[in-house]
Structure formats: structure tokens, C-alpha cells
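Quick note: numbers below take in every heavy atom, side chains included, and nothing from hydrogens, waters or symmetry partners. Each chain gets a letter, A, B and so on, in the order the sequences are listed, and its residues count up from 1. In this text, all values refer to a predicted model and were calculated from it rather than measured experimentally.
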Number of protein chains: 2
Amino acid sequence: MKKDKAHLNLQRFLPYRLTKLSGIISRSLAQRYSDQFDLTIQEWRIVAILGERPGLTAREVGELSSLDKVNMSRAIDRLEKAGRLERKVIARDRRSFALHLTNKGEEVLQQIIPLAEDYEANLLSSFSEAEIEVLDRFLNQLDNSADMLSPVTKKAAE
Amino acid sequence: MKKDKAHLNLQRFLPYRLTKLSGIISRSLAQRYSDQFDLTIQEWRIVAILGERPGLTAREVGELSSLDKVNMSRAIDRLEKAGRLERKVIARDRRSFALHLTNKGEEVLQQIIPLAEDYEANLLSSFSEAEIEVLDRFLNQLDNSADMLSPVTKKAAE
DNA sequence: AAATAATAGTTGCAGATGTAACTAAATACC
DNA sequence: GGTATTTAGTTACATCTGCAACTATTATTT
């Protein structure tokens, strides 16, 4: 009698597909950032956030960039040493600093933004406007489901 | 005169969104696999592939699971030590082995498949059948674009 | 068929990353 | 107001990961 074995096609398994896709994209972007600006992806995220909202603390930037505090601490160190970011003392809370891009940091950001936008546009070049909106909605739906399915996490990073 | 600074909203940046999403999903799945089966995601991929196609070599499994040869070598070691996989000598090429799941490995696979399918179904619970097809197409389109945009890579893993 | 190049897989090492412990400061509690 | 608890950020340590060098075997070249 034939045993009914369950089968699973990995190549069609959504978590695998997403991880693979995001890996390819991340490696490709990391390469560009690193080659041209000596910038890691973590640093890029921080710079991007601070460009929009200067003066946030490490914790706040971390929340917006999905980086935990250890990652933040290290990336901020590197950015500061590279002269791209500075910490300003906050009077009312001397545990944290207000983070600001320096001119140098701002310059990097201004150079890298078109590059990032260009990359994104290329990724989406086969999508119509309407499809991009649908994709956007799909990603939000997946985010929501994924959050629901996540064990309650004490990670600071979300 | 106002400086025209470029802005970029990280939260809406597709590579960021994909990385974040895939990270949440991967961590969540890794947790489950690890808790219940003491299995890493790499090992899971290998087991899943071998369940469908026993007898492949490490290189072949690696291609199908996007794992490079170093990752493969290590994961195969762990699976073998756990008694979940065995290597069989191939007469015509003594550099490689034919990989097979043991009964133990097959058992793990049979237990884990429903869990994985259940997780995926939950991820997609807010999607209609038609939407799932669209999502599938979108992911393929993104894969294609991402591949085009990747620097020619000698990675064995794709 | 000897020499050369290519391939499969392993291992050493270095850098990256995550967890947990730690310090300093702020907040809550009594 | 003083003690206990929580929070922001840093650091130490252990693990993971990726690259490059290596071994063994097979394929190619001449």
C-alpha cells in the first residue's frame, strides 16, 4: 500500500521566495553603497531617517529603521568616526543624544538618494502604476499577517 | 533661497520593506523550526529539497535552495551528525556524494511540512485565490528585475 | 598519457551579528 | 526625599557567516 507522503515545493514556498528575493536585492544594494560610499545598509538607513527627521535619538531612529540598539550603537559610532553624523546633548535626558547629519553626511545622503530611487524604479520597471499600488497593498497585508504570526518579541527593533 | 534637498521615505522604500518583511518571517519560522525540531532554516531547505528529489549532490541541492557550498557543507554535517541524512558514494564522481534523508530525516520532514504550509496559509489568509496568483506573478517580476540588477555574481548559490 | 585547468567539497580565519550583562540616568513608588 | 524599577545606550562574549585558501578528483589540452 502506498504511503501518502506530504510534499512541499521549496521554490514555491512564500517565505523562501521572499527571503531569496530580499537577499538578492540587499546584496546588490549593499555592494553599491559600499563601493561608492563606504556605507553599510544599516548606516544608510540611519542617514536616510535623519535626513528626513534630524534630531531624533538612537532609540527613535532604531524604531523607524528596524535596527536594534546594538546595531544602532555600532552604526552610529562608525558614522560619527566618518564625520557623517554628530550627537548633541539633550538637556532633559542625558542618557540619549539628538542625532544630526553633518554637512558631510548630508552630502552622502544627497548623492545616494537618486541612486536608491533609481534602483527601486528599475525593480519596478515592469509594473504599471496600478500594479505598484496593488503591490503596496499586498506588502502591507503580508506585514500585518507576519506581525500576527510573530511570537511576542521584546526586540526593540520593531 | 531654498535648497532643494532630495528626500526619501525609508518606510516606503521597496528594498527596505522587503528586507524587513522577510526578516520578520524568517525569524518567526526559524524560531519554530528550532524550538520544535532543532533545525536551522538552511537544514530545513535541504531536507525539503531532498524529500522531493533524493540522491542529489550538495552542489545540486545548493542550487535549488540558494545555499552556497560553505553553507551546504556545514548544514549537511549537522544533518548527518543528527542522523537525518546520509551520503552515498557516487561511483562516477568520487568528489561528491548522493544525499538521502534517513528515516529520521524523513520523519522530521513529514512533521514539519504541515507546519510550514500552515504558516504560509496564515500569511496569505487575507488574500483571495486571484490575489495569490497576482502576488505570485509580482514576485516573479521582482525576481527577474533583481537578477538583472545584480552585478554578475560568481556565487554558486543562484 | 602527462600536464593543466576546472570542479566538489572542506577548513581556517576574520568580520558581522545577536544575547546578555553592564553603566548611567530618569521615572515610579512609598 | 530616598529606594526600587525602568530605560538609553554600550560593551563583552559567543556564534554565525562569508571569503579565500586548500585537498581531492575529474575534465581538458596538447
query: So which nucleotide from C:dG9, D:dG18, D:dT26 ends up closest to the side chain of B:Val70?
result: D:dG18

query: From the list C:dA26, C:dG18, D:dG9, which nucleotide is the closest neighbour of the side chain of A:Asn71?
result: C:dG18

From [atom1] of [X] over to [atom2] of [N], roughly how many Å is that when rounded to an integer?
| X | N | atom1 | atom2 | value |
| --- | --- | --- | --- | --- |
| A:Leu99 | D:dG9 | CG | P | 8 Å |
| B:Met72 | D:dT17 | CE | C1' | 16 Å |
| B:Asp93 | C:dA6 | CG | P | 17 Å |
| B:Leu67 | C:dG9 | CG | P | 13 Å |
| B:Asp68 | D:dC16 | CG | P | 16 Å |
| B:Lys69 | D:dA21 | NZ | P | 12 Å |

- prompt: With no hydrogens and no angle check, is any side-chain donor or acceptor of B:Ser150 less than 3.5 Å from a backbone partner on B:Ala146?
  reply: yes

field: Backbone of B:Asp118 reached by a side-chain donor or acceptor of B:Asn122 within 3.5 Å
entry: yes

Expected rows: protein N/O vs nucleotides 4-7 of chain D N/O, under 3.5 Å:
| residue | atom | partner | partner atom | Å |
| --- | --- | --- | --- | --- |
| D:dT7 | O2 | A:Arg95 | NH1 | 2.5 |

- prompt: Nearest nucleotide by nearest heavy atom, which residue falls closer to the 5' end of DNA chain D, A:Phe97 or B:Ala91?
  reply: A:Phe97

- request: Mind checking the CG-CD1 spacing from A:Asp143 to B:Ile25? Nearest 0.5 Å is all I need.
  value: 8.0 Å

statement: Residue pairs passing the ring pair (Phe, Tyr, Trp, His ring centres under 6.0 Å) test with at least one member in residues 45-86 of chain B, sequence neighbours excluded, are none

task: Say whether B:Leu67 and B:Val70 are linked into one hydrophobic cluster, either directly or through other cluster members, by side-chain heavy-atom distances under 4.5 angstrom.
output: no

- request: State yes or no: do B:Leu99 and B:Ile90 share one hydrophobic cluster built from I, L, V, M, F, W and Y residues joined by side-chain heavy-atom distances below 4.5 Å, directly or via other members?
  value: no

Between [N] and [X], is there an OP1 or OP2 to side-chain N/O distance shorter than 4.0 Å?
| X | N | answer |
| --- | --- | --- |
| A:Arg87 | D:dT10 | yes |
| B:Ser73 | C:dT10 | yes |
| A:Arg94 | C:dA26 | yes |
| B:Gln42 | D:dT17 | yes |

- request: Residues of residues 74-83 of chain B with any non-hydrogen atom less than 4.0 angstrom from an atom of DNA chain D: list those, numerically ordered, please.
  value: B:Arg74

query: Which residue pairs pass the side chain to side chain donor-acceptor pair (under 3.5 Å) test when at least one of the two sits in residues 97-109 of chain B, sequence neighbours left out?
result: B:Glu106-B:Gln110

Are any of the side-chain nitrogens in [X] or [Y] under 4.0 Å away from the carboxylate oxygens of its partner?
| X | Y | result |
| --- | --- | --- |
| A:Arg59 | A:Glu63 | yes |
| A:Asp136 | B:Arg12 | yes |
| B:Arg87 | B:Asp77 | yes |

query: What are the two closest non-hydrogen atoms of A:Glu117 and B:His7, and how far apart are they?
result: OE2-O, 3.6 Å

With a cut-off of 3.5 Å and sequence neighbours excluded, list every side-chain donor-acceptor pair involving residues 41-49 of chain A.
| residue | atom | partner | partner atom | Å |
| --- | --- | --- | --- | --- |
| A:Gln42 | NE2 | A:Asn71 | OD1 | 3.4 |
| A:Glu43 | OE2 | A:Thr40 | OG1 | 3.4 |
| A:Glu43 | OE2 | A:Arg78 | NE | 2.4 |
| A:Glu43 | OE2 | A:Arg78 | NH2 | 3.3 |
| A:Trp44 | NE1 | A:Tyr33 | OH | 3.3 |
| A:Arg45 | NH1 | A:Ser65 | O | 2.9 |

task: Take B:Ser96 and A:Ile90, find for each the nucleotide of DNA chain C with the closest heavy atom, and name the residue whose nucleotide sits nearer the 5' end.
output: B:Ser96

- request: Compute the bend angle of the helix from C:dA1-D:dT30 to C:dC30-D:dG1 from the end axes (five pairs per end), rounded to 10°.
  value: 20°

task: Check every strand shown and say whether A:Glu60 touches a base, only sugar-phosphate, or nothing at a heavy-atom separation below 4.0 Å.
output: nothing

